[in-house]
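Sequential numbering from 1 along the given sequence is applied to the chain's residues.
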Amino acid sequence: MMVRTRSVDAFRIPSLIFVLLIHFICVIHAGPQYDYSAYTDCSYHPQAPLYNGGVLVDKSGRIPMTYHKTETGIASPAFLLHNLTANTMYSFSCWVKIHGTSSALLRATISTEGVTLHCIGTVLAKSGCWSFLKGGFVLDAFSRSSILYFQVEHEYIVSNSGKRFTAALFGGAVVKTARTEHPNNTQIDLNWQKRKRAATIQAVDGEGNPIAGANVSIQQSSKDFPFGSAIAGTILGNKQYQRWFAERFNVAVFENELKWYATEPQPGKLNYALADDMLKFVRSNKIMARGHNIFWENPTCAPEWVQNLTGGDLRAAVKSRIRSLLSRYRGQFIHWDVNNEMLHFDFYEQRLGENASTEFFRTAQQADPLATLFMNEFNVVETCSDEQSTVDTYISRLKQLRNGGAPMLEGIGLQGHFGRPNIPLMRAVLDKLASLGLPIWLTEVDIAQNLGEHRQGVFLEEVLREAFAYPSVSGIVLWAALHPDGCYQMCLTDGGLGNLPTGEVVENLLREWETKEGGASDEHGQYSFVGFLGEYKVSVVDGNKSAEITMFLSRSDETKHVVVQL
């Protein structure tokens with residue numbers, strides 16, 4: 001279907017020109033299966049619209065277009081969206097091209113009769129090629145008429161004062177999918193090969209004959225998917241807390257105990273005693289540990305004695321830090337957050353040069369070659385309102401590091417300090433990051449305490465379901481280390497280890513993401529099931545004969561076949 005637009009002259013505005021050719025698709029009920037496609041490289045030719053195109057048009061066959069005066073005072077072309085329903089996930093995408101300036105941060109906004117969502121997607125648009133914008137939103141109330149519009153961030157308009165440039169968008173899609181009580185269960189089922197595997201247990205006698213009607217019991221004993229939480233030194237000596245943690249989680253991160261200011265508060269006076277004891281706890285309970293962190297670009301988080309160092313003195317200090325930390329713990333931590341929050345801060349970069357982080361990664365890889373090295377950052381997946389850490393900014397910095405000599409940077413770390421989460425936006429951000437083909441971890445997940453305990457639980461469940469259902473997410477770590485006076489933002493339990501609403505969410509999801517079942521073998525002696533990846537204890541009983549085996553379901557598209565002889 002042709003898209004009718006006004007002539008380009010109709011969009012001539014003194015400071016900014018937009019030419020928009022957008023295809024929308026709006027599916028009223030279940031909608032198509034979600035399309036994870038996303039693109040991070042600029043393209044000379046935009047791809048075809050997702051969901052096979054289609055247009056959202058009015059009764060006369062035209063795209064409902066208008067103008068909207070943005071916060072920057074520019075009249076932006078906008079699209080009228082009618083009858084948007086409440087508690088519904090809307091995803092949208094489009095291709096963007098900028099003319100007249102080298103690049104610009106374009107932000108998508110939607111306004112309804114009662115509320116404006118100021119950022120539902122961003123893209124760093126470039127001149128001379130097409131960039132892909134993907135975002136999404138959820139409305140709290142029905143909206144008879146909404147406006148979806150695009151604006152360039154204020155600083156770009158100021159810096160390009162007097163210059164004309166054009167932002168062209170096309171090939172977009174808006175998809176509507178109704179929520180259910182557990183909106184991501186279907187998504188997990190669609191992607192079950194990433195979290196589950198089909199298996200068949202066959203009971204046979206001593207001569208290999210199948211045994212029909214045997215009682216087969218299947219119990220998952222450990223989980224393959226890494227799910228855990230931060231811990232602090234407060235867990236040491238607290239047997240009750242240790243049991244509580246070990247019964248639930250298979251990965252941990254030390255809240256502060258490995259940070260430079262904790263291990264070397266004074267120059268040359270190293271103290272790893274607390275970290276050593278915490279590492280003994282996790283090892284004794286077969287828990288994996290992430291290393292957090294080697295360096296932290298935030299100047300207030302460097303040791304006080306380091307904050308005044310420059311030049312050769314600072315360079316010698318950072319080399320000593322890497323050598324002492326990673327030689328002591330070589331092979332003990334599955335990951336290292338090498339230089340924390342480098343999109344927001346630049347303490348080391350300013351003093352040691354723009355290649356300092358690249359050198360950190362290179363040296364860390366040499367010191368501990370089996371650890372996966374992560375770029376860890378906040379406000380990438382939580383929001384798109386932070387201009388310092390948009391998804392494209394993160395991707396650009398990661399590529400810069402890898403191209404500059406840090407190809408060993410292999411992990412995408414998303415802290416996940418959420419206020420109220422925007423799940424469709426979260427999914428769109430993950431889509432872009434997943435296109436890089438690197439493991440993605442949510443490394444510090446919590447919900448802001450000012451939302452209250454009940455809403456913390458509600459929003460935590462949304463985030464965890466989305467993360468677990470997303471096929472490219474490789475692990476989730478909560479930021480919920482328990483202290484006598486509470487937690488950083490979000491606790492799972494009270495001081496007596498009684499569940500708070502967030503703890504109830506975690507308990508319920510842990511049970512839901514575990515396989516426990518059983519039944520009788522069929523006429524071929526077989527019992528088949530689809531189970532979450534991990535280790536299992538399988539018991540088969542037929543009369544007075546029985547057998548018990550241990551098996552592991554690893555990721556594979558093939559059905560796992562196991563023969564149990566009685």
Side-chain angles (χ1 to χ4, degrees), residues 221-266 268-296 301 303 320-338 340 364-365 367-374 376 411 413 441 443-445 474-488 491-493 495-497 503 506 510 534-535:
S221 54
S222 68
K223 299 174 182 178
D224 180 64
F225 185 83
F227 186 85
S229 175
I231 56 175
T234 52
I235 201 168
L236 299 176
N238 189 335
K239 297 297 184 182
Q240 185 182 8
Y241 184 20
Q242 290 178 6
R243 283 195 302 272
W244 179 92
F245 190 95
E247 287 171 357
R248 289 158 178 78
F249 301 127
N250 58 8
V251 63
V253 65
F254 301 174
E255 189 178 45
N256 298 310
E257 289 75 8
L258 279 173
K259 293 171 182 173
W260 196 359
Y261 63 74
T263 62
E264 194 177 4
Q266 295 178 342
K269 295 184 178 181
L270 300 172
N271 186 353
Y272 292 106
L274 194 55
D276 286 348
D277 288 341
M278 293 170 68
L279 189 58
K280 288 178 183 177
F281 159 69
V282 299
R283 280 199 304 246
S284 66
N285 287 279
K286 300 179 181 179
I287 295 171
M288 299 177 290
R290 300 192 72 250
H292 176 78
N293 51 55
I294 303 176
F295 297 108
W296 195 345
C301 298
S320 175
R321 160 67 173 172
I322 294 180
R323 184 169 57 250
S324 66
L325 181 70
L326 272 69
S327 63
R328 184 181 191 89
Y329 295 118
R330 180 184 174 102
Q332 302 297 307
F333 292 90
I334 60 170
H335 302 160
W336 281 106
D337 295 328
V338 175
N340 204 40
Q365 194 273 335
D368 194 353
L370 296 182
T372 303
L373 305 184
F374 273 69
N376 195 47
W441 279 59
T443 58
E444 304 179 19
V445 176
S474 299
I476 303 170
V477 180
L478 306 172
W479 201 251
L482 187 61
H483 297 269
D485 57 349
C487 307
Y488 172 69
C491 285
L492 301 179
T493 70
L497 298 181
V506 170
L510 287 172
E535 188 175 68

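L373 approaches A364 most closely through the heavy-atom pair CD1-CB, 4.2 Å. The two residues A289 and V282 make their nearest non-hydrogen contact at CB-CG2, 4.3 Å. Counting all heavy atoms, side chain and backbone alike, A371 lies closest to W336 at CB-CD1, 3.7 Å. P226 approaches S474 most closely through the heavy-atom pair CD-O, 3.1 Å. Closest approach of W296 to C301, counting heavy atoms only: CE3-CB, 3.4 Å. Across F245 and A230, no two heavy atoms sit closer than the pair CE1-O, 4.2 Å.
Two residues are said to be in side-chain contact when any heavy atoms from C-beta on lie closer than 4.5 Å; L279 and F333 meet this criterion.
For Q240, the side chain to side chain donor-acceptor pair (under 3.5 Å) criterion is met by no residue, not counting sequence neighbours. Checked against side-chain contact (heavy atoms from CB on, under 4.5 Å), T493 has the following partners two or more places apart in sequence or in another chain: W244, L482, L497, N499. Not a single side-chain contact (heavy atoms from CB on, under 4.5 Å) links K286 to another residue, sequence neighbours left out. With sequence neighbours left out, R283 forms a salt bridge (charged side-chain N to carboxylate O under 4.0 Å, His left out) with no residue at all. The salt bridge (charged side-chain N to carboxylate O under 4.0 Å, His left out) search around D276 returns R328, not counting sequence neighbours.
For the pair D368 (side chain) and G331 (backbone), a donor-acceptor distance under 3.5 Å is present. Checking side-chain atoms of T263 against main-chain N and O of Y272 turns up no donor-acceptor pair under 3.5 Å.
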Please tabulate, for side-chain N and O atoms in residues 250-259, each donor-acceptor pair with protein atoms closer than 3.5 Å (sequence neighbours left out).
unit_1, atom_1, unit_2, atom_2, d
N250, OD1, F227, N, 2.8
N250, ND2, K223, O, 3.2
N250, ND2, F225, O, 3.1
E255, OE1, H483, NE2, 2.6
N256, OD1, K259, NZ, 2.8
N256, OD1, Y261, OH, 3.2
E257, OE1, E255, N, 3.4
E257, OE2, G233, N, 2.9
K259, NZ, E255, O, 3.0

